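Below you'll find the structure, written out as structure tokens, and then a few comments.
In this text the structure is predicted, and so the values were computed from the model without any measurement. The sequence lines fix the lettering, A, B, ..., with proteins before strands; numbering per chain opens at 1.
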Amino acid sequence: QQPVQSPQAVILREGEDAVINCSSSKALYSVHWYRQKHGEAPVFLMILLKGGEQKGHEKISASFNEKKQQSSLYLTASQLSYSGTYFCGTELSHSGYSTLTFGKGTMLLVSP
Amino acid sequence: DGGITQSPKYLFRKEGQNVTLSCEQNLNHDAMYWYRQDPGQGLRLIYYSQIVNDFQKGDIAEGYSVSREKKESFPLTVTSAQKNPTAFYLCASMGGVTDTQYFGPGTRLTVL
């Protein structure tokens with residue numbers, strides 16, 4: 001089942017903060033966050049695992065609430081380069097045949 | 001440099017023609033994936049493969065076919081049976097320290 005992302009879009013001025021959420025109706029093993037610029041490939045930002053482990057870019061902050069099956073991506077002191085569409089991909093279990101199911105994305109625009 | 005390459009970047013085809021999209025990786029990853037991206041839809045899984053000579057259907061496999069004869073290569077054929085093939089196609093592989101998916105630059109297919 002596709003995770004639900006919110007908000008669908010957000011507009012910020014440079015220096016402002018934003019939170020992007022990703023919710024699942026099923027228990028998750030991991031949540032993967034990506035940012036995609038128009039016409040380009042998604043770029044990996046962070047992975048959050050069941051049990052609290054996180055791997056990814058040091059400047060990116062995120063959380064994973066296992067009780068709610070919800071992950072949040074925190075973008076603080078936003079820069080122009082943060083603009084793009086953010087996707088979460090969820091993994092129900094980790095095995096040799098695991099796949100990610102992606103949300104529809106959250107479009108972020110940072111203006112000067 | 002390690003990475004994923006896709007070719008061509010832009011592809012035009014006439015209705016009724018089959019077309020093959022290339023995906024090559026030198027990351028030594030076992031798992032490879034094909035996604036289709038349409039505006040506002042996020043990424044939808046077409047096919048995936050965990051090992052050579054083995055692959056599984058994703059959520060929208062109808063009208064597509066794949067092969068995995070080599071670990072490095074996972075080509076996707078869009079057949080004439082695919083009713084609405086115009087889209088942005090992304091190839092990914094999974095592995096590494098973060099055990100997440102890494103994407104190629106994509107191929108934009110337009111059916112004329």
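- A:Q36 contributes no side-chain N or O that, together with a main-chain N or O of A:F87, makes up a donor-acceptor pair within less than 3.5 Å.
- Relative orientation of the A:F44 and A:Y34 rings is perpendicular, given thresholds of 30° and 60° on the angle between their planes.
- In this structure, the side chain to side chain contact (heavy atoms under 4.5 Å, CB included) partners of A:Y74, at least two apart in sequence or on a different chain, are A:V19, A:S61, A:S63, A:S72.
- Using a 4.5 Å cut-off between heavy atoms, A:I47 touches chain B through its side chain atoms alone.
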Could you check A:S71 against A:W33 for side-chain contact (heavy atoms from CB on, under 4.5 Å), going step by step and ending with a plain yes or no? CA-CA 9 Å; A:S71 178; A:W33 285 99; 3.0 Å; yes
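- For the options A:Q8, A:E91, A:K55, heavy-atom pairs under 4.5 Å to chain B are most numerous at A:K55.
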Pair A:L12, A:L109 - check side-chain contact (heavy atoms from CB on, under 4.5 Å), show working. CA-CA 6 Å; A:L12 298 175; A:L109 176 63; over 6 Å; no
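- If you take OH on B:Y10 and OG1 on B:T110, they are separated by 9.5 Å, rounding to the nearest 0.5 Å.
- Contact count versus chain B (heavy atoms, under 4.5 Å) is highest, among A:A41, A:G103, A:G105, A:P42, for A:P42.
- Between the side chain of A:E16 and the main chain of A:S78, no donor-acceptor pair closer than 3.5 Å is present.
- B:T107 places a side-chain N or O within donor-acceptor distance of the main-chain N or O of B:P8, the cut-off being under 3.5 Å.
- Neither the backbone nor the side chain of B:Q6 comes within contact range of chain A, judged by heavy atoms closer than 4.5 Å.
- Side-chain atoms of A:N65 come within 3.5 Å of backbone N or O of A:K68 as a donor-acceptor pair.
- Contacts with chain A (heavy atom to heavy atom, under 4.5 Å) involve these residues of residues 54-82 of chain B, listed by number: B:D54, B:Q56.
- Ring geometry for B:Y35 versus B:F103: interplanar angle of 30 to 60°, hence tilted.
- A cation-pi contact, defined as under 6.0 Å to the ring centre and within 45° of the axis, links B:R108 to B:F88.
- Of the atoms belonging to A:Q2, it is side-chain heavy atoms, and not backbone ones, that fall under 4.5 Å from chain B.
- Taking CD of B:Q25 as the start and CD1 of B:I4 as the end, the distance is 6.5 Å to the nearest 0.5 Å.
- Hydrophobic clustering, defined by side-chain heavy atoms of Ile, Leu, Val, Met, Phe, Trp and Tyr closer than 4.5 Å, leaves B:V111 isolated from every other such residue.
- Taking 4.5 Å as the heavy-atom cut-off, none of the residues of residues 11-22 of chain B approach chain A.
- For A:Q5, no part sits under 4.5 Å from any heavy atom of chain B, backbone or side chain.
- Proximity to chain A (any heavy atom under 4.5 Å) is shown, for B:L43, by both the backbone and the side chain.
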